[in-house]
Each structure stands twice: as C-alpha cells, then as structure tokens.
Amino acid sequence: MTAYADFYRRSIDDRDGFWAEEAKAIDWQTPPQQVCDYSNPPFARWFVGGTTNLCHNAVDRHLATRADQAALIAVSTETNTERVYTFTELHAEVQRMAAALKELGVQKGDRVLIYMPMIAEAAFAMLACARIGAIHSVVFGGFASGSLASRIEDSEPKVIVSSDGGSRGGKVVEYKPLLDEAIKLSSYKPSAVLLADRKLCAMNIVAGRDHLWKALREKHLNTVVPCEWVEATHPSYTLYTSGTTGKPKGVQRDTGGYAVALAASMKHIYCGNAGETYFSTSDIGWVVGHSYIIYGPLIAGMATIMYEGLPIRPDGGIWWSLVEKYKVTVMFSAPTAVRVLKKQDPALLTKYDLSSLRALFLAGEPLDEPTAQWISDSLKKPIIDNYWQTETGWPILGIANGVEHKASKFGSPGVAMYGYDVQLLDENTGERLTGANQKGVVAIEGPLPPGCMQTVWRDDARFINTYWKSIPGKLVYSTFDWGVRDEDGYFFILGRTDDVINVAGHRLGTREIEEAISSHPNISEVAVVGVADQLKGQVAVAFAVVRDASGLVDEAARAKLEAEVMKVVDNTIGAVGRPARVRFVSVLPKTRSGKLLRRAIQAVCEGRDAGDLTTMEDPAALEQIRDSVQ
Ligand code: ATP
Ligand code: MG
C-alpha cells in the first residue's frame, strides 16, 4: 500500500501521470491524446481526443464476465415490489429505452428531462441517454410544477420521461398533472413525453405528444441500439444544485472525466468490489444518486439498490433488512436520514445480520459529532463522512481507505482527496492560510479534477463569475463553505460563507454553535441563524427540535431548557457564541435534499421576504418559525 500523503502529492504534482493511470480503469473506444487541457482556465478539458461511453462502461462492459450477476435491485416499500435485474436484463431494458427515445427523435446532444420516482425505468432512462449520447437532466420527483417548469425552460429537452406518479408514506403523489402544468408554464415545449404507467393513478394522455413506455417497449423488445462513442468532453448530463443558498445552478458534467473519476473513487474511497452490492439511500434527483446509485457502482461491476420508500416504513429496520438480504458491503446515506433513525427504537439496528457491511458513508450536510457517535455505537461499523458538492460530482474531502487506512475524526469529513488542490483562503486578501486551526474559505486551485463540472449549462459567464471570482485577486474555485484544518490535515466545515455571523465583532460559524447545542441530550436537531441587532450588529438565534417534548409543558419549562442550552454553548464556545434566544420547534425548514434552509429562517427572523422557496420540503416548518418569533 502507498502512503496516502504520497498518493495525494503525486495527484497534484504529476497530475497528468496520475490521471493517465486512473484512466486505464475504464474502456475507451479511442484512447485520449491529452490528459488535461487547461489552456483556457478555468475551463478544464479532460482526456481530450478520447472517445468512450458511460453506458458501455456501466453495463455492456460487464456482460463478458458477469452477465447473470445482479446489476440493479429495485425495491419499493411503497408498492411492495422488489425486482432484481441482471446485467443482461439491464442491458436489454436500456436498449429498449434507447430505441424508444430514438423513435421519439432524440439524437446525440439532445436533452432528455427525467422526472421520475425511484423506479427501475428511471435508471433505464438515464443509461439509455448515456448510450445514445443524449444529455439527461434529472429533476427530483418531489418537485412541483414551478420548479419543474424552470428546469424545462433552462434545459430545453426534446423528450421528457416521466410516470403517472410516485408514492410517499403510502400516499400516491400524482406526477402527470404536475408535469402537464409545468409544460404549460414553460415557454419551451418538449416534442414528446414518454410515460411509465405504474397504475398508481389515472393519467390524462395528450394525443400526439404523450407515449406509453409499455407500448414502445413491446415494439422494441429486440431492437439493438449500439453505444454511441462520444468525445470524453461530451456533456453527459446537467443537474441543478439544491438551491440552499438561492436559485439553483445548472451544473454540466462531461463523460470521460466523470467515468474515470467515479471508477477511481469506487476503488480508493468507497472500496467497492465487482460482484458486491452497493446501497445508497439517496434519490436519483440528486448528485449522490447520479454518482453513487447509478454510474459509480455499475462502472465498478457492483449491484446497486434503488430504494423507493421511507427509512422508517414499515419500520426503522427496513434499510438494515436490505443490507442483510442483499449482503450490502458499502452503504451511503445522509446525516438527515440518520437523525430520523435516531428517533427510532435502537433495537432495530441490531435485529439484522450486518456482517457484510464494511462502512457507512455519509455526505450532504454537516455530520455533527453526537449523531456520528450515535450511529457508530449502534452499527459498530466505520462511519465515514465525506464532503462534496453537486458541482464536483465526487468527494472533495474524505478518507481514501483504499489507498491507506486512516481513522475518521467525528465532526470532520476528512482530508483533501487526491486530485483536489484544496486550500483555505483568507476571504479578504485571498492569502493561503497554511497554519493549523486557521479559519478560511474552502477553495480549490484549478484545474478542477476529472468528474467536476465543466461549466454552468449554456452560461460560461455565470460559471466564471459565480465560482471563480469571489476571492479577491485570484482565479480560484470557491466552495462557499468555511473550514479549518487541524495539524493532521483533517478539515472541519464550519458552515457556508453566507452563514457566518458577526456578534459584536466576533465572527462565528453557525455550524460551531449548532454543534455545541446538539450535544445537549434532549436536542435532536438545531438551526442557528444570525439576526440583525441594533446593539451587537448580529445576534445568534437558535431553533431547536426537542427529542422528548413531553416535559415542555409550560413557559417555565421552556425557559429552563433554554437556559440549559445556553449554558452548553457557554461551556463549549464561550459566551460570545451564546444565542440570544433558543426557540423550540417540532420541525426545521429544509430543502428537498434534506439541507437546512438557514437563509429562509434568517429572512423570517428579520421580517424579510424568504426568497426562492421552490426547493423547500415542508412549508409548515417555516410557519412554525414565523409563529415562534412573533
Ligand atoms: P446551492 O449551491 O444551490 O445553494 P447546495 O450547496 O445545498 O445548494 P449541493 O451541491 O447539494 O447544493 O450541496 C453541497 C453543499 O452541501 C456543500 O457546499 C456544503 O455546504 C454541504 N455539504 C455537503 N457535504 C457536507 C459534509 N460532509 N459536511 C458539511 N457540509 C457538507
Ligand atoms: Mg452549493
């Protein structure tokens, strides 16, 4: 085994040599002539001259060695269905879907918007697009017509693939009326809609535009659709960011660099081997779903589980029962899901045989130490946090146990991953902060490694201005997150750059205060925001979800808990971090992807308009905040 430090250094100092080596893990139709063209920064072109195909690498390539092995395991606790597709079967379904799309006029470079629940057909559609060189744009199935319309408008899909509906907690969610409404709202109109009919609800079919997957599938049962070899730099997909800090950005990803980056991460970071099973509990509507439900595991020759349903239905043991049944070796989830499980009976975690599982990876938002400790104690497996963004497609910070085994430090998503020249920069001077425990903006020196965004879809200017121009005097990629690095090179994310509050001249990350508060045994979740204050500039206000609210019978009980929480902050951060108020709520406003909407909470506290809320999960949560501050 190489020491990780050497491995990392080589990835930066001998960038081309390093990635040329990694590129051997995938199949190329034509090998690349140049590893990285960075002649026009910040635009990086990876594996120039090479041609390949994502679908070939994810599916066809495995037919020779693992044709009858499970590839896609589609489980729905909503419809009580479970179906295992072997690589042979997946290959057949993807070709049928590709043939259907071609019949509807889709050609290389055309966009196909996928608005679907977590069903196998959604995976077929993504892979079918990759197969024929079409650019998919998956829109999370939980979005309503407004969010969907703006994405139709921006991506201009020739075809939209959708279905009659989804189901959540046993309740049918009709997709088709939302889709029809979205198409009506959008000034751009797709030429066709392809619909999977799950028979969950009735569908209104628009003659001439709408087509049923079932019918086209029958027609193309045996149609052969070869993979279209595309340039490594050909866009494979666009995907919108979560919209936690404002209007979502259309992230555009390439093909060759992405395939190489995923193959490398499966080996070095996730340690997943061909023939094993990977279970990511995310949704295909998010970047984790793209990289680690569909492409990453399949490229690695693993079976991947696609799960439709809640983590606690029929009970909080459902995920662990799947781990046992399908001998899952690698699992990937989000802190928000772990916090949901934390409220369930802990016995459910020990009820199943989890011996196959090697590690649980978590990403997407800060993993606070108490939550990490809880899941670690309950599962008795390594818990590995990793930090990344829709923009990067794979981890920026993490632990590369496939290179060298390193321990996790709870509260830290780990060290800089190979390929990423991660720096902490002074936000005002752009100076590199190299000492331990210095607070700075987490930034990445260009070029971004393979797999990261190429640009903002059809908006190069926005790519440059949004990401590369925020640090004075420097062309450097900003993550818009604050961080510190300890003496061992482990980073700690302190919150988003717009989540820093300034209390009487002291700059505090909301994350630090939240971390302190969540160590109180009766707090399960908390959001801290800075609220304008005449005297101090800003004060911190905390909104906390109480684990057991039965004791909060009156104002006195609430005041007592509030004082306790303040005491915890005094003891960990000091009185400067003490929130001016701690309010108790039953739920916090979050994006559909489970991220705290501090921006909206702050606006409500300051009596401003809450801004773009199209990605918000539960509007009632913001109402509670409003009520509690009035
Ligand atoms: P938008 O960019 O539209 O405001 P978003 O940043 O929430 O939305 P994503 O790309 O889904 O969209 O999320 C990436 C962000 O999530 C990171 O920049 C960081 O703030 C947070 N994040 C992700 N993983 C972690 C982690 N392991 N620890 C702390 N924060 C994380
Ligand atoms: Mg972001």
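Whatever order the structure lists them in is the order used to number ligands and atoms, beginning at 1. Keep in mind that this is a model prediction, so the values were computed, not measured.
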Give the single entry among Arg599, Arg496, Lys247 that approaches atom 15 (C) of ligand 1 most closely by any heavy atom.
Arg496

Please classify the Thr244 to ligand 1 contact at 4.0 Å (heavy-atom distances, strictly less than): side chain, backbone, both or neither.
both

Donor-acceptor side-chain pairing of Thr238 and Ser137 below 3.5 angstrom
yes

Please state which protein non-hydrogen atom is closest to atom 11 (O) of ligand 1 and give its distance, to 0.1 Å?
Ser242 OG, 2.6 Å

With no hydrogens and no angle check, do the side chains of Tyr237 and Arg253 hold a donor and an acceptor under 3.5 Å apart?
yes

As an exercise, identify every atom of ligand 1 less than 4.0 angstrom from a heavy atom of Glu391.
10 (O)

Would you mind running through ligand 1 and noting each atom that sits below 4.0 Å from a heavy atom of Trp388?
14 (C), 17 (C), 23 (C), 24 (N)

Protein heavy-atom partner closest to atom 13 (O) of ligand 1 - residue, atom, separation in Å:
Lys595 NZ, 2.8 Å

Quiz question: by atom type and distance under 3.5 Å, do the side chains of Thr479 and Tyr387 form a donor-acceptor pair?
yes

What is the closest protein heavy atom to atom 4 (O) of ligand 1, and at what distance does it sit?
Thr245 OG1, 2.4 Å

Using a 6.0 Å cut-off, check whether atom NZ of Lys409 has over 12 heavy atoms from anything other than its own residue.
yes

Do we see a donor-acceptor contact under 3.5 Å between the side chains of Tyr270 and Tyr278?
no

Compute the shortest N/O to N/O distance between Gly243 and ligand 1 and return yes if it is under 3.5 Å, no if not.
yes

Starting from atom 17 (C) of ligand 1, which protein heavy atom do you reach first, and at what distance in Å?
Asp481 OD2, 3.3 Å

Mind checking whether Arg511 has a heavy atom under 4.0 Å from ligand 1?
no

Under a plain distance cut-off of 3.5 Å, with no hydrogens placed, do Trp388 and Asn386 share a side-chain donor-acceptor pair?
yes

Proximity to ligand 1 by part of Trp286, non-hydrogen separation under 4.0 Å:
neither

Are Lys590 and Thr336 close enough that a side-chain donor and a side-chain acceptor fall under 3.5 Å?
yes

Just going by heavy-atom distances, which of Glu365, Lys249, Gln389 is nearest to atom 2 (O) of ligand 1?
Lys249

Do Asp154 and Tyr188 get their side chains close enough for a donor-acceptor pair, meaning under 3.5 Å?
no

Under-4.0 Å heavy-atom contact with ligand 1, by part of Asn386 that carries it
backbone

Nearest protein heavy atom with distance in Å, relative to atom 22 (N) of ligand 1
Gly364 O, 3.4 Å

Nearest non-hydrogen partners of Ile293 and Ser282, listed with the distance
CD1-O, 3.4 Å

Give the residue and atom name of whichever protein heavy atom lies nearest to atom 10 (O) of ligand 1, and the separation in Å to one decimal.
Thr390 OG1, 2.6 Å

Any side-chain donor paired with an acceptor under 3.5 Å for Ser593 and Thr591?
yes

